[in-house]
**Student:** 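Below are the structure tokens for one structure; questions will follow.
Position 1 is the first residue of the sequence; numbering continues from there. Note: hydrogens, waters and symmetry copies are ignored here, and every other heavy atom, side chains too, is used. Counting starts at 1 for both ligands and their atoms, following the listed order.
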Amino acid sequence: MPTETVYGLAGPAADPLAVAAIFAAKGRPRFNPLISHVADLAAAERIAVFSADARRLAAAFWPGPLTLVLPSQTGSIVCELARAGLDTVAVRVPAHPTALALIRAFGGPVVAPSANRSGRPSPTSLAHAVDETGDRVAVALEGGPCRIGLESTVVSLLDRPRLLRPGAVTREEIEALIGPLAEAEADAKRSPGRMARHYAPNAPVRLGADAPRSGEAYLAFGPHPPGPGVWNLSPTGDLAEAAANLFGLLRAADLSCPVAIAVAPIPEVGLGEAIADRLKRSAGYVG
Ligand code: AMP
Ligand code: MG
């Protein structure tokens with residue numbers, strides 16, 4: 001299933017056999033819960049308990065790339081396996097016409113973790129999704145290249161608001177509505193998906209590189225002479241363009257079998273925080 005963030009492996013959130021098949025297709029550890037995708041706020045409220053802050057964020061950013069982690073609603077049909085046994089649930093309304101049409105036609109919450117095998121870069125086109133998990137799915141829906149290209153921002157609203165995963169809805173945009181966000185690290189058990197090495201190509205990744213070394217592929221950012229082994233995330237230094245290109249260019253660079261993929265420095269402001277998060281994990285830097 002295409003979404004505006006990345007392509008997902010979609011299945012009914014209520015069906016433990018379908019959810020188990022998705023975990024198996026990805027090779028995803030079962031302690032890492034899935035996001036339930038719904039068509040609107042009313043559907044979200046059938047599976048999650050909304051606070052005032054949650055309503056404010058949903059009103060501002062849905063449909064869109066923001067996932068809320070909330071207490072699970074009494075009588076929710078989302079199965080335990082999708083929640084990894086937690087008494088909380090992650091929920092989002094995607095902003096992609098094909099995803100919304102599929103969810104509406106199906107009529108219930110849909111889990112849709114990224115359609116890569118666990119630990120690999122997320123697919124941002126149908127071809128990349130089919131390369132990763134195409135042999136394990138019943139149907140593949142074409143929805144064009146993903147507009148955003150990074151996974152959703154994940155905010156937990158359980159005790160105090162926390163940023164569990166930076167994304168295209170930025171920290172600054174969220175804090176403007178609900179005040180300061182606490183760090184995820186202080187509460188790591190509530191975000192079991194924050195693994196140190198993730199989104200990783202086959203080649204090692206070297207960050208903050210002003211230039212490639214011999215044998216390295218280079219992901220440039222901003223003006224840079226083109227040439228063999230050079231891919232530019234955004235020649236104009238545009239963060240949204242770099243985010244949309246990130247996973248596709250990591251894949252392209254990786255296919256050239258370099259000794260390493262060197263990545264230019266990227267400012268860590270706004271959307272740059274999410275890009276830096278994905279890059280550090282692809283390099284295996286953060287826990
Ligand atoms: P993915 O489906 O690969 O985009 O990952 C979903 C992200 O949301 C992972 O980082 C999960 O750990 C996180 N997540 C999903 N459900 C919960 C939950 N109930 N509590 C905390 N984090 C969650
Ligand atoms: Mg993923």
**Student:** Report the C-alpha distance between Ser122 and Glu151 in whole Å, list the side-chain angles of each, state the deciding distance to 0.1 Å, and finish with yes or no for side chain to side chain contact (heavy atoms under 4.5 Å, CB included).
**Tutor:** CA-CA 8 Å; Ser122 302; Glu151 305 76 7; 2.3 Å; yes
**Student:** Where does Arg165 meet ligand 1, judged by heavy-atom distances below 4.0 Å: at the side chain, the backbone, both, or neither?
**Tutor:**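 Contact part for Arg165 vs ligand 1: side chain (C-beta onward).
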**Student:** Only pairs under 3.5 Å count here: list side-chain donor-acceptor contacts from residues 252-265, not counting sequence neighbours, and write none if there are none.
**Tutor:**
{"unit_1": "Asp254", "atom_1": "OD1", "unit_2": "Asn202", "atom_2": "N", "d": "3.3"}
{"unit_1": "Asp254", "atom_1": "OD1", "unit_2": "Ala203", "atom_2": "N", "d": "2.9"}
{"unit_1": "Asp254", "atom_1": "OD2", "unit_2": "Asn202", "atom_2": "N", "d": "2.7"}
{"unit_1": "Ser256", "atom_1": "OG", "unit_2": "Ala253", "atom_2": "O", "d": "2.6"}

**Student:** Taking non-hydrogen atoms only, is Thr67 closer than 4.0 angstrom to ligand 1 via side chain, backbone, both or neither?
**Tutor:**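 The answer is neither; Thr67 stays 4.0 Å or more away.
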**Student:** What protein N/O/S atoms sit under 2.8 Å from the Mg ion (ligand 2), by chain and number?
**Tutor:**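 Correct list: Ser114 OG.
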**Student:** Looking only at distances, please establish whether an N/O atom of ligand 1 is found under 3.5 Å from an N/O atom of Arg28.
**Tutor:**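 The answer is yes, given that Arg28 and ligand 1 share an N or O pair closer than 3.5 Å.
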**Student:** Evaluate the side chain to side chain donor-acceptor pair (under 3.5 Å) criterion for residues Ser114 and Asn116: first the C-alpha distance (whole Å), next the side-chain angles of each, then the deciding distance (0.1 Å), finally the verdict.
**Tutor:** CA-CA 6 Å; Ser114 51; Asn116 52 283; 2.6 Å; yes
**Student:** Which heavy atom of Leu239 sits nearest to which heavy atom of Phe221, and what is that distance?
**Tutor:**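 It is CD2-CZ, 3.9 Å.
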**Student:** State, yes or no, whether a side-chain contact exists between Ile103 and Pro94 at a heavy-atom distance under 4.5 Å.
**Tutor:**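 Answer yes - side chains close enough.
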**Student:** Which heavy atom of Glu175 sits nearest to which heavy atom of Leu181, and what is that distance?
**Tutor:**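 Smallest heavy-atom distance, with atoms named: OE2-N, 2.9 Å.
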**Student:** Atoms of ligand 1 less than 4.0 Å from Asn32 heavy atoms?
**Tutor:**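 Reading through ligand 1 atom by atom, the close ones are 9 (C), 11 (C), 12 (O).
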**Student:** Just say parallel, tilted or perpendicular for the rings of Phe50 and Trp62, cut-offs at 30° and 60°.
**Tutor:**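 Perpendicular.
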**Student:** Got an N/O contact under 3.5 Å between Thr88 and ligand 1?
**Tutor:**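 Thr88 vs ligand 1: N/O contact under 3.5 Å present.
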